[in-house]
Amino acid sequence: MNSNVLLSERDMQFLLYDVHAVDELTAFDYFADHDRETFEQFLSACKRFARERMWPSYKQMDKEVPSFEVDARSGQRAICVHPKMSELYSQLADLGVLAASRPYGVGGAQLPITVSTAAMTWLMAGNLSAAGFAFLTTGAAHLVEAFGDNWLRTHFMKPMYAGRFTGTMALTEPHAGSSLADIRTSAAHETGGRYRIRGSKIFISGGANDFSDNIVHLTLARIEGAPEGTRGVSLFAVPKLRPEGGQWVPNDVQASQLIEKIGWKGLPSVVLDYGSEDDCIGWLVGRPNGGLSHMFQMMNEARILVGANAVATASVGYQESLEYAKSRPQGRHIDSKGATGPQISIAQHPDVRRMLLRQKCIVTGGLSLVLETAKYQDIAAHGSPLTVREHAQTLADFMTPLAKTFPAEWGYEANTLAVQVHGGYGYSSEYVVEALLRDQKLNSIHEGTTGVQGLDLLGRKILRDRGYGLQLWLETILEDLALAQATESPDLKEYAAALSAFVNQVQTTLRSLSSRTSLSSMMSHSTDMLFALCSFAVGWQWLKIVTQAERAASGGLQGTKSLHIRGLRHCAQYWFATEIPIAVARLKQVDVSDTSYLDC
């Protein structure tokens, strides 16, 4: 497979240090041991590993998928993953990826989430399946760290952070789908924190492998006698092997079915059966009936990382199509007369240039949005005083559906454009862009579908919370608009005016929604609202990017740096000319509230 830079290193550094000033986080006590040099050491190591070790194995894992085999260690029929996964995962653990942002006290490096997210974006660009095992394990271990007792931390958290155990999140059940109020997996109390678990889960990513010593399933179940609905859901750590009498013995939880997926093929998705022999033990994590609120910690972390993965997948496709377009000769310049003379590369044809630029806009704008959201997570966890942390947490919560949805939905469009640039070769398996397109589709479904994100944004974060998070977000954006309007740049003034007009339209639309008496009328265009705010959010990011680009240009630039700034300006120009008008139209759909699909 050909080499691929995966992500633009220059864009990543410009976003981290110029746009989002991640090095400012070192002013917090928690990050006091770090500086730009330590950030770059970690990022550079992950970048090299992604390019040199992970990317060469990507296509193999897409072709040679997990399967039921006889496990060489146990002699039992089990799901086996690609042979290279064991080596890659061990090396990811050695890199410090699993506990990068966690405290020193649990074996972590206390890096900002912003930096660990950027590093994970490199790794997911290299091989999303191997990186998927890692970020699921980190999320599971963090749940035990946050809500488990010392016994659970010793037996499950530490081995996960060390890379010996892997972890999963086990929520979905065959009959319930996204409706977690309807889960039936049961937990019967025995002694202490032990419960006997019975039930079934489906679509559990990383739910089986043949390389880790154990798998810890962070499982939602209902304690017998618990209230109905989500108020009666608890969280349990259910290991594949449980500690018993000084040994680790089988715990009667096993993968009974392997889902045949269109993408993310190296990361198995399975059906898990708990207690088929009535011998499955789980340990309560956190308080009884508090499982869903606890699990939201991992779900929200995973949603941002799914957004990062979607950016990564779109970026790899963009880089593939860019190199192909520059090297593929076809036709002559549109202004040339006749069919004589040498052919030109397709990168010189107007429509191909359009497709390449749109991909670039989506990738860089999406990455900036993900990093912005991650930075608010850092401030929420470690900022000072309390009001600053609360402010940042509100913004992180509000932006999470946007940071997940934009890269997933627009990233899929970017990957279709990467296929399109390749023409007939794009839909052949000889070129990797078709595999990336398949991978990308899963991101709009993983960790809450796009429809669920829309309901969360409009129903919970806007209407239920009386617009508090939205208002705080808009005020933050207006501060950036004021900075842009104070510059000498006519373009920045124009972009700021367009976003300011959109803010006013949002306020008008919310007043219209609030006046309606029917909940279905309020929520029927939740996805349109989500999409409108996604386009607007990335417009905000492009405004911030160009504001910093103009500042850099004012100091005088030459060579490739000048070309980089010029490229960023063109991306912003394109976004405000083409995408913001679409966002305006989508917001109008929310206001008008067409009911055709409700009435038919």
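Computed over heavy atoms, backbone and side chain alike; hydrogens, waters and symmetry mates excluded.
Under the 4.5 Å side-chain criterion, counting only non-hydrogen atoms from C-beta, Val19 is not in contact with Thr547. Counting heavy atoms from C-beta on, the side chains of Lys544 and Glu372 come closer than 4.5 Å. Val433 is not listed as a side-chain neighbour of Tyr427, based on a closest heavy-atom distance of 4.5 Å or more. The shortest side-chain heavy-atom distance between Phe14 and Leu568 falls under the 4.5 Å cut-off. Between Met61 and Leu88 the shortest side-chain heavy-atom distance falls below 4.5 Å. Contact of the Cys571 side chain with the Cys361 side chain is registered, since non-hydrogen atoms from C-beta on lie closer than 4.5 Å. With contacts defined as side-chain heavy-atom distances shorter than 4.5 Å, the pair Arg586/Ile582 qualifies. Taking the side chain as every heavy atom from C-beta outward, Thr416 and Leu437 approach each other to under 4.5 Å.
Ser129 and Tyr58 share no side-chain donor-acceptor pair at under 3.5 Å. For Trp410 and Glu579, the side-chain atoms include at least one donor-acceptor pair closer than 3.5 Å. Of the N and O atoms on the side chains of Ser428 and His422, not one donor lies less than 3.5 Å from an acceptor on the other residue. Between the side chains of Gln453 and Thr405, not a single donor N or O lies within less than 3.5 Å of an accepting N or O. Side-chain contact check for Asn127 and Ser57: at least one donor-acceptor pair (N or O, by modelled atom type) lies under 3.5 Å. Looking at Gln471 and Gln507, their side chains do bring a donor and an acceptor atom within 3.5 Å of each other. Side-chain polar atoms of Gln343 and Gln330 form no donor-acceptor pair below 3.5 angstrom. Of the N and O atoms on the side chains of Asn4 and Gln319, not one donor lies less than 3.5 Å from an acceptor on the other residue. A side-chain N or O of His142 and one of Glu301 form a donor-acceptor pair less than 3.5 Å apart.
Formation of a donor-acceptor pair under 3.5 Å by the Arg332 side chain with backbone atoms of Ile344 is not found in this model. Side-chain N or O atoms of Lys375 include one that pairs as donor or acceptor with a backbone N or O of His20 at under 3.5 Å. Of the possible polar contacts, none joining the Thr487 side chain to the Leu483 backbone as a donor-acceptor pair under 3.5 Å is found. For the pair Thr138 (side chain) and Phe135 (backbone), a donor-acceptor distance under 3.5 Å is absent. Using a distance-only test at 3.5 Å, with no hydrogens or angles considered, a donor-acceptor pair links the side chain of Lys404 to the main chain of Asn443. Between the side chain of Ser535 and the main chain of Ala583, no donor-acceptor pair closer than 3.5 Å is present. Panel note: side chain Asn309, backbone Leu305; no donor-acceptor pair is recorded below 3.5 Å. For Gln505 (side chain) and Leu587 (main-chain N/O), no donor-acceptor pair under 3.5 Å exists by modelled atom type.
Taking both residues in full, the closest heavy atoms of Val311 and Pro407 are given as CG2-CB, 3.7 Å, listed atom of the first, atom of the second, then distance. Residues Ile580 and Gly539 come closest through the heavy atom pair CD1-CA, 4.2 Å. Here the shortest heavy-atom pairing between Ser315 and Leu6 reads OG-O, 2.6 Å. Annotation for Ser321 and Leu356: closest pair OG-CD2, 3.7 Å, computed over non-hydrogen atoms. The two residues Ala347 and Val352 make their nearest non-hydrogen contact at CA-CG1, 4.1 Å. Residues Leu543 and Ala496 approach most closely at CD1-N, 3.9 Å, considering heavy atoms.
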Open item on the list: For Val316 and Thr313: C-alpha separation, side-chain torsions, deciding distance, then whether side chain to side chain contact (heavy atoms under 4.5 Å, CB included) applies.
Closed with: CA-CA 5 Å; Val316 177; Thr313 304; over 6 Å; no
Open item on the list: Determine whether Lys47 and Met12 satisfy the following criterion, side chain to side chain contact (heavy atoms under 4.5 Å, CB included), listing intermediate values before the conclusion.
Closed with: CA-CA 11 Å; Lys47 175 192 66 180; Met12 178 68 85; over 6 Å; no
Task: Derivation of the side chain to side chain contact (heavy atoms under 4.5 Å, CB included) call for Ser8 and Thr364 - done: CA-CA 9 Å; Ser8 165; Thr364 307; over 6 Å; no
- [ ] For the pair Glu323 and Val5, evaluate side chain to side chain contact (heavy atoms under 4.5 Å, CB included) and give the outcome as yes or no after the intermediate values.
- [x] CA-CA 10 Å; Glu323 291 306 308; Val5 299; over 6 Å; no
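Applying the side-chain hydrogen bond (donor to acceptor under 3.5 Å, both in side chains) test to pairs two or more places apart or on separate chains, those with a residue in residues 28-42 are Gln13-Glu40, Tyr17-Glu40, Asp33-Tyr104, His34-Thr38. Within the structure, every pair that satisfies the salt bridge (charged side-chain N to carboxylate O under 4.0 Å, His left out) test and touches residues 429-451, not counting sequence neighbours, is listed here: Asp62-Arg438, Glu434-Arg438. Among residue pairs with one or both ends in residues 433-453, those qualifying as ring-ring contact (aromatic ring centres under 6.0 Å, His included) are Trp264-His446; sequence neighbours excluded. Evaluation of the side-chain hydrogen bond (donor to acceptor under 3.5 Å, both in side chains) test over residues 110-123, restricted to residues two or more places apart or in two chains, returns Thr114-Asp378. Among residues at least two apart or in separate chains, there is no salt bridge (charged side-chain N to carboxylate O under 4.0 Å, His left out) pair with a member in residues 479-488.
Separation of atoms CD1 (Ile565) and CD (Glu550) is listed at 8.0 Å; rounding is to 0.5 Å. Taking CG of Asn504 as the start and CG of Leu499 as the end, the distance is 11.5 Å to the nearest 0.5 Å. From Ser526, atom OG reaches atom CG of Leu457 across 8.5 Å, with rounding to the nearest 0.5 Å. Once rounded to the nearest 0.5 Å, the distance linking CH2 of Trp542 with CG of Leu492 reads 12.5 Å. Remark: Phe398 CZ to Tyr468 OH distance equals 12.5 Å, nearest 0.5 Å. Note: Leu481 CG to Glu475 CD = 12.5 Å, rounded to the nearest 0.5 Å.
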Expected list for residues 386-394: side-chain donor-acceptor pairs under 3.5 angstrom, two or more places apart:
{"unit_1": "Arg389", "atom_1": "NH1", "unit_2": "Gly383", "atom_2": "O", "d": "3.0"}
{"unit_1": "Gln393", "atom_1": "NE2", "unit_2": "Asp397", "atom_2": "OD1", "d": "2.9"}
{"unit_1": "Thr394", "atom_1": "OG1", "unit_2": "Glu390", "atom_2": "O", "d": "3.0"}

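Exactly one of Trp473, Phe531, Phe536 qualifies for a side-chain contact (heavy atoms from CB on, under 4.5 Å) with Leu402. That residue is Trp473.
When the shell of 6.0 Å around CD of Gln420 is examined, it contains 12 or fewer heavy atoms from other residues, nucleotides or ligands.
With respect to the salt-bridge test (charged N to carboxylate O, under 4.0 angstrom), the residues Arg460 and Asp456 qualify.
Between Tyr495 and Phe576, the ring planes lie parallel to each other; the angle is under 30°, not in the 30° to 60° tilted range. Using cut-offs of 30° and 60° for the angle between ring planes, the Trp575 and Phe406 rings count as perpendicular.
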